[in-house]
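Below is one structure, written out as structure tokens; the observations come after it.
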Amino acid sequence: MANIKSAKKRILVNKKREERNKAAKSKVKTLVKKVEAAAKAGDKAEAAKALIAATSAIDKAASKGIYHKNTAARKISRLNLLVNKIA
């Protein structure tokens with residue numbers, strides 16, 4: 001356990017950030033699953049709606065530094081490809 005005041009604060013701040021990052025990543029994963037499920041079902045309208053929500057969440061996570069910008073771009077690109085493939 002830390003004895004120095006600044007080290008104690010670091011522990012608290014890191015825990016808070018970890019929880020925030022975990023929640024954001026979990027939200028992104030859930031929204032991506034919704035897009036994939038709609039695409040698998042062949043429902044283009046639902047997939048497009050889910051894609052907008054997922055893209056927004058991924059962009060927000062990237063802007064907060066939770067995802068690297070290239071990782072976010074790759075995720076969005078793959079989802080777009082998936083939705084565009086639906087007949």
Side-chain angles (χ1 to χ4, degrees):
M1 183 64 196
N3 291 322
I4 299 166
K5 189 175 181 182
S6 62
K8 289 178 182 177
K9 182 177 179 183
R10 272 289 113 220
I11 291 168
L12 293 175
V13 171
N14 288 340
K15 181 72 174 158
K16 194 184 297 183
R17 285 184 175 177
E18 178 189 3
E19 289 169 0
R20 189 180 302 140
N21 292 348
K22 200 178 287 187
K25 280 188 174 185
S26 177
K27 183 178 182 180
V28 166
K29 287 177 187 177
T30 301
L31 292 171
V32 166
K33 283 179 190 173
K34 285 183 180 179
V35 174
E36 290 171 347
K40 191 173 183 181
D43 188 357
K44 186 157 185 152
E46 186 63 35
K49 196 162 58 168
L51 175 66
I52 293 168
T55 301
S56 175
I58 293 168
D59 281 337
K60 282 181 186 172
S63 71
K64 292 176 183 174
I66 296 167
Y67 285 119
H68 188 274
K69 64 178 183 147
N70 290 351
T71 302
R74 184 180 68 243
K75 286 180 177 292
I76 292 169
S77 177
R78 287 179 180 170
L79 288 176
N80 273 316
L81 274 171
L82 186 66
V83 171
N84 289 337
K85 280 184 183 177
I86 301 171

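One-based numbering along the sequence shown.
- For the salt bridge (Lys or Arg N to Asp or Glu O under 4.0 Å) test, residues two or more places apart in sequence or in another chain that qualify with Lys22 are Glu18.
- For the side chain to side chain contact (heavy atoms under 4.5 Å, CB included) test, residues two or more places apart in sequence or in another chain that qualify with Arg74 are Thr71, Arg78.
- By the side chain to side chain contact (heavy atoms under 4.5 Å, CB included) test, Ala45 pairs with Asp43, sequence neighbours left out.
- For the side chain to side chain contact (heavy atoms under 4.5 Å, CB included) test, no residue two or more places apart in sequence or in another chain qualifies with Ile52.
- Summarising the local packing, NZ of Lys27 is surrounded by 12 or fewer heavy atoms from other residues, nucleotides or ligands at distances under 6.0 Å.
- In terms of heavy-atom proximity, Lys8 sits nearest to Ala2 at CE-O, 3.2 Å.
- Cluster partners of Val28, using a side-chain heavy-atom cutoff of under 4.5 Å among ILVMFWY residues and allowing indirect links, are Val32, Val35, Leu51, Ile58, Tyr67, Ile76, Leu79, Val83.
- For Ser56 (side chain) and Ala53 (main-chain N/O), no donor-acceptor pair under 3.5 Å exists by modelled atom type.
- Between atom NZ of residue Lys25 and atom OG1 of residue Thr30 there is a gap of 14.0 Å, rounded to the nearest 0.5 Å.
- Side-chain contact between Arg10 and Ser6: absent, with no pair of heavy atoms (C-beta onward) separated by less than 4.5 Å.
- Under the side chain to side chain contact (heavy atoms under 4.5 Å, CB included) criterion, Leu81 pairs with no residue, sequence neighbours left out.
- Think of Leu12 as one node in a network of Ile, Leu, Val, Met, Phe, Trp and Tyr side chains linked at under 4.5 Å; it has no links at all.
- If you chain together ILVMFWY residues whose side-chain heavy atoms come under 4.5 Å of each other, Ile66 ends up in a group of its own.
- Residue Lys44 comes nearest to Ile86 through the heavy atom pair NZ-O, 3.5 Å, listed as atom of the first residue, atom of the second, then distance.
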